[in-house]
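Here the structure is laid out as structure tokens; the discussion comes afterwards.
Order of the sequence lines sets the chain letters (A, B, ...), proteins ahead of strands, with each chain counted from 1.
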Amino acid sequence: MNFKGRDVISIKDFSKEEILYILDVAEKMLPIAEGKKKSNLLNGYIMASLFFEPSTRTRLSFEAAMKRLGGSVIGFAQPGTTSLQKGETLADTIKTAESYCDVIVMRHPKEGSARLAAKFASVPIINGGDGAGHHPTQCLLDLFTIRKEKGQIEGNRVALLGDLKYGRTVHSLAYALALFKVDMVFISPPELQMPKEVIEECREMGANITIKNSLEGLDEIDVLYVTRIQKERFPDPEEYKKVAGSYRIDLKTLENVKEDMIIMHPLPRVDEISPEVDETKHAAYFRQTFNGVPVRMALLALVLGEVK
Amino acid sequence: MKELKVQPIKDGTVIDHIPPGNAFKVLKILGITESLPDSVISIAINVVGKRGKKDIVKIENRELKAEEVDKIALIAPNATINIIRNYEVVEKRRVEVPDEIVGIVKCPNPNCISNTREPIKTRFIVKSRQPLKIKCYYCEREPEDISSLIM
């Protein structure tokens with residue numbers, strides 16, 4: 001498989017085989033990501049990290065990934081310090097940045113911005129989130145986490161919980177899990193249900209989908225993927241409190257779950273998982289966050305052609 | 001009483017069966033007034049034909065190619081293209097929706113990058129022709145009321 005020069009814009013640009021290949025490469029990167037082994041694989045390469053919107057995990061883990069492989073990083077974490085303030089277009093910013101680097105990682109508040117960047121850049125573009133659009137590296141690290149924690153992706157019953165209507169992460173993840181024909185349960189308040197198109201697409205791909213409005217039946221779940229319910233989706237703050245409270249994961253909700261059930265969360269979390277859950281064996285979300293490093297290392301090495 | 005009719009043309013292209021009132025939009029989409037500054041172009045609006053009212057556009061001395069004309073399929077799906085040589089129709093065909101629609105439809109998503117001042121044209125991928133379904137190349141939004149989004 002040859003990934004050299006490829007853009008990473010949406011998980012839908014990759015086949016199941018390609019996804020598995022990326023995860024295999026990420027697996028091999030683990031000792032380097034953990035700092036146990038040193039690497040100079042990307043020595044001499046420069047990654048531009050263009051964050052037009054705030055991010056903690058995506059930006060830091062990309063930068064860590066590049067540096068762990070011996071590469072260098074240039075870029076910005078806030079557009080306030082760039083010529084965008086002077087009214088420069090994204091196209092011009094990209095054309096400028098690409099002349100200084102070998103690969104561009106970007107996050108931008110507008111949907112489709114990464115596709116636009118890919119049109120103007122000759123170096124690979126890796127999408128670190130484009131508005132409510134795609135966030136393919138999050139999706140890959142989620143799949144990597146499920147495989148690492150459960151041995152394989154297939155055969156698990158995965159529940160996606162929270163704001164399924166607006167959350168970009170869950171739409172991409174549902175699609176990716178459907179590629180593996182995973183059984184999925186979509187749990188959300190009725191007003192934040194998974195969009196019909198996503199449900200239909202997953203069913204057409206052969207995934208078995210159940211839709212629920214409550215936390216009942218968690219005892220059958222192997223992977224519980226929790227997302228944040230955003231306050232701003234509710235006009236009435238009281239209504240928000242009520243809804244958010246009924247989907248909160250705490251020790252009590254975990255009483256009857258499977259021994260090896262894992263809880264994932266793309267983070268940041270607010271109240272949806274009680275901190276006491278962090279101490280249980282179910283909590284996989286901080287390990288999931290770490291997995292961003294090996295997965296992003298794999299992608300960088302692949303698109304730069306240093307791993308074939 | 002003397003009746004003034006649009007004259008037949010000797011050579012060129014006649015676009016017939018345009019929905020009434022859309023002739024100017026057709027010209028705008030084709031960009032023809034800029035690309036053919038020396039062509040004589042006649043427009044007939046609200047012509048009463050066998051199937052009711054319609055508009056007709058006649059472009060002299062220029063045979064339009066299919067890929068040039070197919071762009072109008074969104075506003076004139078039943079239009080026919082007649083190629084005229086020496087007053088005879090030598091070729092007649094219907095417009096077809098192209099695989100991609102570039103620079104004609106505006107994306108309804110206010111947060112789409114194509115609605116900013118970037119140096120790009122809007123671009124939609126045609127997912128299905130019957131019924132017509134299109135998807136924004138950039139943000140992947142699938143607009144419902146396409147005709148209201150024609151620029």
Separation between CD (B:Glu118) and NZ (A:Lys110), nearest 0.5 Å, reads 10.0 Å

From the list A:Ser10, A:Ala132, A:Ala91, A:Gly131, the residue making the most non-hydrogen contacts under 4.5 Å with chain B is A:Ala91

Using a 6.0 Å cut-off, check whether atom NZ of A:Lys4 has over 12 heavy atoms from anything other than its own residue. no

**Study point:** From CA spacing to verdict: side-chain contact (heavy atoms from CB on, under 4.5 Å), B:Glu140, A:His134
**Key:** CA-CA 10 Å; B:Glu140 301 181 7; A:His134 297 286; 3.0 Å; yes

Separation between CZ (A:Arg115) and CD1 (B:Ile113), nearest 0.5 Å, reads 13.5 Å

Practice item. Check the pair B:Tyr138, A:Asp130 against side-chain contact (heavy atoms from CB on, under 4.5 Å), reporting the backbone distance first and the verdict last. Key: CA-CA 10 Å; B:Tyr138 292 99; A:Asp130 59 332; over 6 Å; no

Cut-off 4.5 Å, heavy atoms of chain A, and the answer for B:Asn111 is both

ask   = Counting only heavy atoms not in A:Glu239, do more than 12 sit closer than 6.0 Å to its CD atom?
value = yes

- Message: Check this for me: A:Lys95, atom NZ, are more than 12 non-hydrogen atoms of other residues, nucleotides or ligands nearer than 6.0 Å?
- Response: yes

